Engineer: 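Please find one structure pasted underneath; my questions will follow.
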Amino acid sequence: MLPPIEVYNTLTRRKEPFVPVDDRRVGIYLCGPTVYDKAHIGHMVGPVIFDTIKRYLVYNGYDVTWVVNITDVDDKLIQRSAARGIPMPELAREMTEDYLANLRALGVDQIDHMPKATEHIPTIIAFIQQLIDRGYAYEVDGDVFFDVTKDEEYGKLTNRSWQSFQGEGGEAADRKRHPADFALWKRAKEGEPSWDSPWGPGRPGWHIECSAMSKALLGETFDIHGGGLDLVFPHHENEIAQSECCHGKPMAKYWLHNGLLKREAAGKVGGRAERESGASESLTYEDIAAATAAKESRSKGAGGLADLIARYGGETIRFFLLRTHYRSTVVFSEQGLEETRAALETFYRFFQRYERLTGQSFYDLTAPQRREEGDFDPAGDELLEEVHRIRKAFLDHMDDDFNTGGATSQLFELVRALNRYIDRHQLESPGADSQHLESLRRGVTVLRELSSLLGLFRSPPARATGGDDALVGKLVELLIEVRADARKRKDFETADRIRDRLGEVGVVLEDRPDGTDWRLEAEH
RNA sequence: GGCGCCGUGGCCAAGUGGCUAAGGCAGAGGAUUGCAAAUCCUUUAUCGCCGGUUCGAAUCCGGCCGGCGCCUCCA
């Protein structure tokens, strides 16, 4: 029996049971970036949620192949590289590396293929030729256009018809038969990067690479096609037109679209330029940082996504994105990241607590990799009964269109249950009951299992310490020692003074029965 | 104008017909602590407004108010 996963399908505008085209094999295609500028946090929404979706499908026993394309030839790239005076491939390479670094930082490592448009030109040309041969496309003076009037189903994804389009004129419009027709191949202008084709030198249109590369890597019909909501029209609508006219069968069974990131004031982060404003062609993180964080003007300075990652950590950003449902709009703010970081501290402190009382690192626990492996019988155990219930609630949320927002709430429930158990049975005291410790270990293993599904807590977070760790550590230990003597003498004035002054510089002390722990407060 | 989305406690945010409306952040009180920190417990919601359907609606339908996305290339 198939796991009861349901997904919201943009194509049918409703939630449907997830049943792959081909038994246990699943193909996912996500529209990736056009690499003409550095990535901003909005570009990470899709990769993070689809990374999580793949993890969840694998966990449920599916054999998943995930493709994310890189668009490395396009008008923006041509313009930007010209403006910077560097070759387009060099610009593309630079921005692709930036993109990949950001993916790594956010723990996105499930991608199987990252095809580049420029590496699939022959595939693309063959695809276009097929469309011409079948009468769905026509060539005019070196341009090739898709003829929407030949596609009876054109507009089905977004519930609109080509007859309703007005078209906006423009230079290429004169050569099109209908304003709604779109370019498959663009003839090269003087000095532009180009490839030879049956229609003369030129480059692929915006949509065709996805049709051609998804076919090459996933087949004519695959399971999930994803992207940002801003891509639904025209990009995905046109992909469907191209692929389904060419193959005579559905391109993808499920169309999943993630919501866009916005900042409070106005304007989305990502997607294309605003229509009316005519302002900058896209909002980069610099704009947002300037709007939301400039007033605090830390010495760090507000920069791009890399700066956000440096200041908050990739895990915080990932968790921030997963705390809402993927289809909803995420309002970006540094306050939101601050809150997320504060919330994550609960987990990090728990991991330290667990290690302190068992000597075992949370990160060394081996969790079940498959859903059925993780099933267990609580056998009446007080803690495990509760853990079992929480695990089920977590999985129910994930089954329901990958509701990571609901699922994360169960992670908090779980860590609280575990803390409560430690408190109630005094597991931090010397004579802790081994049976209780074993139950705890099993409970914590479930926390590891579930958090892994979200790509969280896979390795210890890089702590932003902002200084020389070793020296700071020695000095703090020294002060703790001095303070311990003071406390023995009941000289609480001195003891409190040390703690207060350390607190002022961001060092938090925690007195425990067996000694004093310290940690650096998260930056703020 | 066309297609579509959203409005849940101070803030963020799950929940789309029926147990006491998740969870986080912030705040308050308590247990614990020499005092703190951490942890645990307690605590804040007539679900934008009006009307309708229903035994029953945050959840479905209609209207209104407010916010937003998309409506090709040329950008």
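From a predicted model like this one, the values you see are computed outputs, not experimental measurements. So that the names make sense, note that chain A is the first sequence line, chain B the second, and so on, each numbered from 1.
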Engineer: If you check every side-chain atom of A:K186, which of B:U39, B:A14, B:C73 has the closest atom?
Structural biologist: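 Of all the options, the side chain of A:K186 is nearest to B:C73.
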Engineer: Find the distance A:L357:CG to B:U39:P and express it as a whole number of Å.
Structural biologist: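 Rounding to the nearest Å, CG of A:L357 and P of B:U39 are 14 Å apart.
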Engineer: Strictly by Watson-Crick or wobble contacts shorter than 3.5 Å, is anything paired with B:A22, and which nucleotide is it?
Structural biologist: none
Engineer: Please report the distance separating the C1' of B:G9 from the corresponding atom of B:G24, rounded so that it comes out in whole Å.
Structural biologist: 13 Å
Engineer: Distance between the C1' atoms of B:U54 and B:G10, in whole angstroms?
Structural biologist: 35 Å
Engineer: Paired with B:G9 by Watson-Crick or G-U wobble geometry, both distances under 3.5 Å: which nucleotide is it?
Structural biologist: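 Its partner: none found.
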Engineer: If only side-chain N and O atoms of A:N159 are considered, is one of them under 4.0 Å from the OP1 or OP2 phosphate oxygen of B:G2?
Structural biologist: no
Engineer: Quick check for you: among B:A14, B:C35, B:U16, whose closest atom lies nearest to any side-chain atom of A:R499?
Structural biologist: B:C35
Engineer: Are OP1 or OP2 of B:A37 and a side-chain N or O of A:T516 less than 4.0 angstrom apart?
Structural biologist: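 No.
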Engineer: Side-chain donor or acceptor of A:E339 under 3.5 Å from a matching atom on the base of B:G24?
Structural biologist: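 Yes.
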Engineer: May I ask which nucleotide in the shown strands pairs with B:G51, Watson-Crick or G-U wobble, both distances under 3.5 Å?
Structural biologist: B:C61
Engineer: Verify the contact: side-chain N or O of A:N403 to OP1 or OP2 of B:A14, cut-off strictly under 4.0 Å; return yes or no.
Structural biologist: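 No.
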Engineer: Between A:R512 and B:U39, is there a side-chain N or O to OP1/OP2 distance below 4.0 Å?
Structural biologist: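 It does not, given that no N or O in the side chain of A:R512 lies less than 4.0 Å from OP1 or OP2 of B:U39.
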Engineer: Let me know the distance between OH of A:Y8 and P of B:C6, rounded to the nearest Å.
Structural biologist: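 My rounded result for the distance is 8 Å.
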Engineer: Looking at A:R349, I'd like to know whether one of its side-chain N or O atoms comes within less than 4.0 Å of OP1 or OP2 on B:U39.
Structural biologist: yes
Engineer: Provide the distance between the two P atoms, one in B:G62 and one in B:C71, to the nearest whole Å.
Structural biologist: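 Between the two P atoms, the distance is 26 Å.
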Engineer: Just compare B:G23, B:C68, B:U39 and give me whichever is closest to any side-chain atom of A:S409.
Structural biologist: B:G23
Engineer: Please examine the side chains of A:T494 and A:R483, heavy atoms only from C-beta on, and report whether any two atoms are closer than 4.5 Å.
Structural biologist: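 Result no, sub-4.5 Å side-chain heavy-atom pair not found.
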Engineer: I'd like to know whether the aromatic ring centres of A:F457 and A:F351 sit less than 6.0 Å apart in this structure.
Structural biologist: yes
Engineer: Under the 3.5 Å rule, do the base of B:G34 and the side chain of A:R487 count as making a donor-acceptor pair?
Structural biologist: yes
Engineer: Kindly say whether A:N403 contributes a backbone atom to a donor-acceptor pair with the side chain of A:D401 at under 3.5 angstrom?
Structural biologist: no
Engineer: When the C1' atoms of B:A37 and B:U32 are considered, how many whole Å apart are they?
Structural biologist: 12 Å
Engineer: In whole Å, what is the span from the CG atom of A:L427 to the C1' atom of B:U39?
Structural biologist: 13 Å
Engineer: Below 4.0 angstrom from OP1 or OP2 of B:C41, is there any side-chain N or O of A:R416?
Structural biologist: yes
Engineer: According to a strict under-4.0 Å criterion, is A:T329 in side-chain N/O contact with OP1 or OP2 of B:G7?
Structural biologist: no
Engineer: Of all the choices, B:C25, B:U39, B:A37, which nucleotide is nearest to the side chain of A:V508 once you look at every atom?
Structural biologist: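 In terms of side-chain proximity for A:V508, the closest of B:C25, B:U39, B:A37 is B:A37.
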Engineer: Just N and O in the side chain of A:R420: are any of them under 4.0 Å from OP1 or OP2 of B:C41?
Structural biologist: yes
Engineer: Ignoring hydrogens and geometry beyond distance, is the side chain of A:K176 in donor-acceptor contact with the base of B:C73 at under 3.5 Å?
Structural biologist: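 Donor-acceptor pair under 3.5 Å: yes.
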Engineer: With a 6.0 Å cut-off on the ring centroids, do A:F362 and A:Y354 count as close?
Structural biologist: no
Engineer: Nearest-nucleotide wise, let me know which of A:H325 and A:A183 is further upstream toward the 5' end of RNA chain B.
Structural biologist: A:H325
Engineer: Ring centroid separation for A:Y254 and A:Y8, is it under 6.0 angstrom?
Structural biologist: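 No, ring centres 6.0 Å or more apart.
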Engineer: I'd like to check A:L106 versus A:E315 (side-chain heavy atoms, cut-off strictly below 4.5 Å). Are they in contact?
Structural biologist: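 Result no, sub-4.5 Å side-chain heavy-atom pair not found.
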Engineer: Using the C1' atom as the reference point in each nucleotide, state the distance between B:G66 and B:C50 in Å, no decimals.
Structural biologist: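 Their C1' atoms lie roughly 15 Å apart.
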Engineer: Side chains of A:Q79 and A:Y36: donor-acceptor distance under 3.5 Å anywhere?
Structural biologist: no
Engineer: Side chain of A:D511: nearest nucleotide among B:C35, B:C40, B:A14?
Structural biologist: B:C35
Engineer: Give me the distance, rounded to whole Å, that separates B:C61 from B:C68 when you measure between the P atoms they each carry.
Structural biologist: 24 Å
Engineer: For the residue pair A:E239 and A:H225, establish whether any side-chain heavy-atom pair is separated by less than 4.5 Å.
Structural biologist: yes
Engineer: With both distances under 3.5 Å as the test, what is the Watson-Crick or G-U wobble partner of B:U32?
Structural biologist: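 Per the H-bond distance test, none.
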Engineer: Are A:F412 and the base of B:G24 stacked, counting only ring centres nearer than 5.5 Å and planes tilted under 30°?
Structural biologist: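 By the stated criterion, A:F412 and B:G24 do not stack.
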Engineer: Could you check which of B:C74, B:C40, B:C11 has an atom nearest any side-chain atom of A:D75?
Structural biologist: B:C74
Engineer: Which is more 5' along RNA chain B, the nucleotide nearest A:V415 or the one nearest A:E510? Just name the residue.
Structural biologist: A:E510
Engineer: Which one, B:U39, B:A13, B:A37, comes nearest to the side chain of A:D423?
Structural biologist: B:U39
Engineer: Rounding to an integer number of angstrom, what distance separates B:G27 and B:A38 when you compare their P atoms?
Structural biologist: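 The same atom, P, in both gives a distance of 11 Å.
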Engineer: Using the salt bridge (charged side-chain N to carboxylate O under 4.0 Å, His left out) rule, pick out the option among A:R187, A:K186, A:R203 that qualifies with A:E192.
Structural biologist: A:R203
Engineer: With rounding to the closest Å, how many angstrom separate the P atoms on B:C74 and B:U59?
Structural biologist: 43 Å
Engineer: Where the side chain of A:F233 is defined as all heavy atoms beyond and including C-beta, which of B:C73, B:C71, B:C11 is the nearest nucleotide?
Structural biologist: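 The answer is B:C71.
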Engineer: Across all strands, who's sitting opposite B:C68 as a Watson-Crick or G-U wobble pair, both distances under 3.5 Å?
Structural biologist: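 Result: B:G4.
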Engineer: Compare the minimum distances between each of B:A22, B:G34, B:A13 and the side chain of A:T324, then state the nucleotide with the smallest one.
Structural biologist: B:A13
Engineer: Let's test this: given Watson-Crick or G-U wobble pairing with both distances under 3.5 Å, identify the partner of B:G27.
Structural biologist: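 Base-paired to B:U43.
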Engineer: What is the distance, to the nearest angstrom, from the NZ atom on A:K262 to the P atom on B:G69?
Structural biologist: 6 Å
